[in-house]
Amino acid sequence: GRFRVFHKARGDDGKTLAFLYRGDYFGESSLLTGQSHSADVEARSDGLLLKLEKEDFLKTLAEIPALSIHLSRTLGHRLTKIEGGRRKQEVKVAALFSNLPPVESFQFFLDLATNLVRETKTRVVFVDFATPSEAGYPLDFESYVRRPLSLAKADPSKESELKPFLVDCPAGFQYLAVEGGRGEGLEQKLSVLITFLTYRFDFILIRIGKKLSDFSQRALKQSDLVYLYLNPESSILAQSESLIRELEQNFGFTKNEIK
């Protein structure tokens, strides 16, 4: 799963300090120092959490002395990153939404993925959950489009089933079209897919459809951040404000997580 570590002061939405993934841990500083927790942790996706009591923790340190050295180094590294302002990237999964015409919005998100690769030199995947009618592929991109991955039929935990659907784009990122379909266990499969991708890419950009269908809502729940590319006309602003309120109230995004 994915977990957000944040510090919340009175009157703000909480400052994100880091994101934790499979194999990471938290709370060791309190056990080592005896002080109260300095930050809060919340789950941002389905996950498995293992709890270690203090007595068992200290017993484990006594049995494996090298572990205390590792924990001390990790604690020091985290403090350096936070105090020095040099944190590991905070966002790995970002949802992309637009109410503009499909061609215009798709080109904007392509440019976003391209610039992300250029500026960060990291591995980026553009996951497209938009329906065919909302696709809006530019002519120079249509040759890269393959049939979408069907979550209802595929096992997203197997790389052999995902690889045929991943498209290498000239700009340096990969593109993956996904269709939800219907059936039991779809939300769990989506969670498995996103978790699987987090171990192979540094950034996951998810384009969701104009209509917040059940599948789009599931995708939003798996995201750490939302990018909105909206029509600035005054007649549309009321709808945009309503969407932002919905993201805050129904999906738990803070103002800092909506761009």
Side-chain angles (χ1 to χ4, degrees), residues 2 19 21 45 88-181 189-211 213 215-216 218-220 222-231 257-259:
R2 299 195 318 283
F19 279 92
Y21 300 87
S45 71
K88 180 184 177 182
Q89 63 189 53
E90 294 181 353
V91 177
K92 288 182 73 88
V93 185
L96 312 175
F97 176 85
S98 177
N99 60 5
L100 291 169
V103 174
E104 182 179 348
S105 61
F106 190 81
Q107 185 62 58
F108 176 82
F109 293 141
L110 282 182
D111 292 341
L112 175 63
T114 300
N115 290 329
L116 193 56
V117 171
R118 182 184 300 124
E119 296 296 327
T120 65
K121 310 299 183 187
T122 55
R123 299 166 300 171
V124 177
V125 61
F126 181 179
V127 184
D128 197 352
F129 287 152
T131 62
S133 62
E134 299 172 319
Y137 302 127
L139 292 177
D140 59 350
F141 191 82
E142 287 185 348
S143 60
Y144 300 102
V145 178
R146 300 175 185 172
R147 72 184 192 280
L149 170 72
S150 172
L151 270 189
K153 299 177 181 178
D155 181 351
S157 66
K158 294 182 178 179
E159 186 171 7
S160 59
E161 295 197 23
L162 290 183
K163 194 172 182 179
F165 298 92
L166 283 167
V167 180
D168 292 318
C169 298
F173 62 89
Q174 288 190 290
Y175 175 81
L176 174 66
V178 180
E179 65 177 8
K189 281 192 171 185
L190 176 60
S191 179
V192 171
L193 172 64
I194 301 302
T195 301
F196 183 89
L197 293 174
T198 59
Y199 298 113
R200 284 151 182 81
F201 297 94
D202 300 299
F203 286 96
I204 302 170
L205 306 179
I206 303 176
R207 183 172 73 141
I208 59 178
K210 268 188 179 182
K211 298 178 181 179
S213 63
F215 191 64
S216 295
R218 294 188 184 104
L220 276 171
Q222 301 294 327
S223 303
D224 305 317
L225 183 75
V226 182
Y227 280 99
L228 302 178
Y229 183 44
L230 304 174
N231 191 324
E257 294 169 340
I258 303 174
K259 307 295 183 181

What's the spacing between [X] [atom1] and [Y] [atom2] if we round to 0.5 Å?
X: Phe97; Y: Ile208; atom1: CZ; atom2: CD1; value: 6.0 Å
X: Leu176; Y: Lys163; atom1: CG; atom2: NZ; value: 14.0 Å
X: Ser223; Y: Ile194; atom1: OG; atom2: CD1; value: 7.0 Å
X: Asp128; Y: Arg207; atom1: CG; atom2: CZ; value: 4.0 Å
X: Leu190; Y: Ile206; atom1: CG; atom2: CD1; value: 7.0 Å

Looking at residues at least two apart in the chain, or sitting in another chain, which of them share a side chain to side chain contact (heavy atoms under 4.5 Å, CB included) with [X]?
X: Pro148; answer: Ala177, Glu179
X: Glu159; answer: Phe196, Arg200
X: Val117; answer: Val124, Phe173
X: Lys259; answer: Leu225, Tyr227

Side chains of residues 105-113: which donor-acceptor partners sit under 3.5 Å, not counting sequence neighbours?
{"residue": "Ser105", "atom": "OG", "partner": "Pro101", "partner atom": "O", "Å": "3.3"}
{"residue": "Ser105", "atom": "OG", "partner": "Pro102", "partner atom": "O", "Å": "3.1"}
{"residue": "Gln107", "atom": "NE2", "partner": "Asp111", "partner atom": "OD1", "Å": "3.1"}

### Message
Quick one, Leu197 with Val127, criterion side-chain contact (heavy atoms from CB on, under 4.5 Å). Give me CA distance, side-chain angles, the key distance, then yes/no.
### Response
CA-CA 10 Å; Leu197 293 174; Val127 184; 3.8 Å; yes
### For Arg118, all residues meeting salt bridge (charged side-chain N to carboxylate O under 4.0 Å, His left out), sequence neighbours excluded
none
